[in-house]
Protein chains: 2
Amino acid sequence: MGASKTDLFTTEQNEIAAMAKALAHPARIAILQYLVEKNVCITSTLVEELGLAQATTSQHLKELKQAGIIQGSVEGASVCYCINPEVWKVYKSLFNNFFKEIDTTGQQCC
Amino acid sequence: MGASKTDLFTTEQNEIAAMAKALAHPARIAILQYLVEKNVCITSTLVEELGLAQATTSQHLKELKQAGIIQGSVEGASVCYCINPEVWKVYKSLFNNFFKEIDTTGQQCC
DNA sequence: AATTATCATCGTAATATTGCGATATAAGAA
DNA sequence: TTCTTATATCGCAATATTACGATGATAATT
């Protein structure tokens, strides 16, 4: 198979999973951290930064862009990427919500 | 390929990515939500709940257990799973940290 | 106009994930 | 003991992901 049975789950569950999937690679985490740190947008200094091939880096950027968490604008010959603040907030609040209530006082069998 | 080049990235980056990977499937999100809601530990009422085959459900539980976020204890013939509160907190704080500072006032090119 | 630099995309190889039926294992009931 | 119930694991098929070189496309430089 290899494909998730998305129809079995709620929209929210699928959304959270999709967001998590976008973050499920160290290179993509590294890209996001870099973009947050250098507030300024980056082209592909990232290629040098990451140590991955240009094609691979481009592919990871594409995934992040498709997830909506970053956006890119053409800047002459190069492309400038940066965090999409609104989507960033959505991610933030969704994960915050997800990890919120956990009642340790309830009975546990393990 | 299909395997990530983990050696290129920091331990933190690999950790966050690994955590995100554990959450990167709607069935696993559903399992965690169910375990949080029913504070009480569950065996495989989950199989009925999820609508996936028993083998598939077991596999997802295994992944969550390997990620450390849930733990299971044998309860006679059945197994009782529940959230691991400490690891849950680690996830919570790591994601919180990751999504923390974002300076929208900085100059942006997109 | 020709060359170079910066990306994106295509094609391909290696590996991982998802899903399920079938089978194994262990506990409890008949 | 034999049968049932509850899980885990094996083996397979379908698909997805990761990575890279090669090739395009476009903009800037010479």
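Below, chains carry the letters A, B, ... as their sequence lines are ordered, and counting in each starts from 1.
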**OP:** Could you check B:Ala24 against A:Leu61 and say which one's nearest nucleotide on DNA chain C is further toward the 5' end?
**Re:** A:Leu61
Subject >> Where at least one partner belongs to residues 33-52 of chain B, residue pairs that pass ring-ring contact (aromatic ring centres under 6.0 Å, His included), sequence neighbours excluded >> reply: none
Original post:
Do B:Gln71 and B:Pro85 touch side chain to side chain, with heavy atoms closer than 4.5 Å?
Top reply: yes
**OP:** Taking side chain to side chain contact (heavy atoms under 4.5 Å, CB included) as the test, write out the residues that go with B:Gln33, two or more places apart.
**Re:** A:Glu12, A:Gln13, A:Ile16, A:Phe98, B:Ile29
Original post:
Do any pairs count as a salt bridge (Lys or Arg N to Asp or Glu O under 4.0 Å) and have a residue in residues 36-50 of chain B, sequence neighbours left out, and if so which ones?
Top reply: none
**OP:** Please list all pairs passing the salt bridge (Lys or Arg N to Asp or Glu O under 4.0 Å) test where one or both residues lie in residues 77-86 of chain A, with sequence neighbours left out.
**Re:** none
**OP:** Any chance you could list the contact pattern along nucleotides 22-30 of chain C? Use B for base contacts, S for sugar-phosphate-only contacts and - for none, protein heavy atoms under 4.0 Å, 5' to 3'.
**Re:** -----SS--
Subject >> Contacts of A:Ala18 that satisfy side chain to side chain contact (heavy atoms under 4.5 Å, CB included) - sequence neighbours left out >> reply: none
**OP:** Give B:Leu52 one of three labels, base, sugar-phosphate or nothing, depending on what nucleic acid heavy atoms sit under 4.0 Å from its own.
**Re:** sugar-phosphate
Subject >> Side-chain N or O of A:Ser78 closer than 4.0 Å to phosphate OP1/OP2 of C:dT6 >> reply: no
Subject >> Which residue lies more 5' along DNA chain D, comparing B:Lys65 with B:Ser4 via nearest heavy atoms >> reply: B:Lys65
Subject >> Nearest-nucleotide comparison on DNA chain D, the residue closer to the 5′ end among A:Ala27 and B:Lys62 >> reply: B:Lys62
Original post:
Excluding sequence neighbours, so at least two apart, what forms side-chain hydrogen bond (donor to acceptor under 3.5 Å, both in side chains) with A:Thr45?
Top reply: none
Original post:
Can you check the A:Leu46 CG to C:dC7 P distance for me, whole Å?
Top reply: 9 Å
**OP:** Tell me whether the OP1 or OP2 atom of C:dC20 has a side-chain N or O from B:Thr56 closer than 4.0 Å.
**Re:** yes
Subject >> OG-CG distance between B:Ser4 and B:Asn14, expressed to the nearest 0.5 angstrom >> reply: 8.0 Å
**OP:** With sequence neighbours excluded, give me every side-chain hydrogen bond (donor to acceptor under 3.5 Å, both in side chains) pair touching residues 72-83 of chain A.
**Re:** none
**OP:** Specify the separation, in whole Å, of atom OH of A:Tyr81 and atom P of C:dT6.
**Re:** 15 Å
**OP:** Mind telling me whether B:Tyr91 and A:Phe99 have parallel, tilted or perpendicular rings, with 30° and 60° as the class edges?
**Re:** tilted
Subject >> Under 4.0 Å protein heavy-atom contact, by nucleotide of nucleotides 12-17 of chain C - B base, S sugar-phosphate only >> reply: -BBBSB
Original post:
Could you give all pairs that pass the side-chain hydrogen bond (donor to acceptor under 3.5 Å, both in side chains) test and reach residues 50-62 of chain B, with sequence neighbours left out?
Top reply: B:Arg28-B:His60
Original post:
First and last nucleotide of DNA chain D in contact with chain A, 5' to 3', at under 4.0 Å to a heavy atom: what are they?
Top reply: D:dA13 to D:dA28
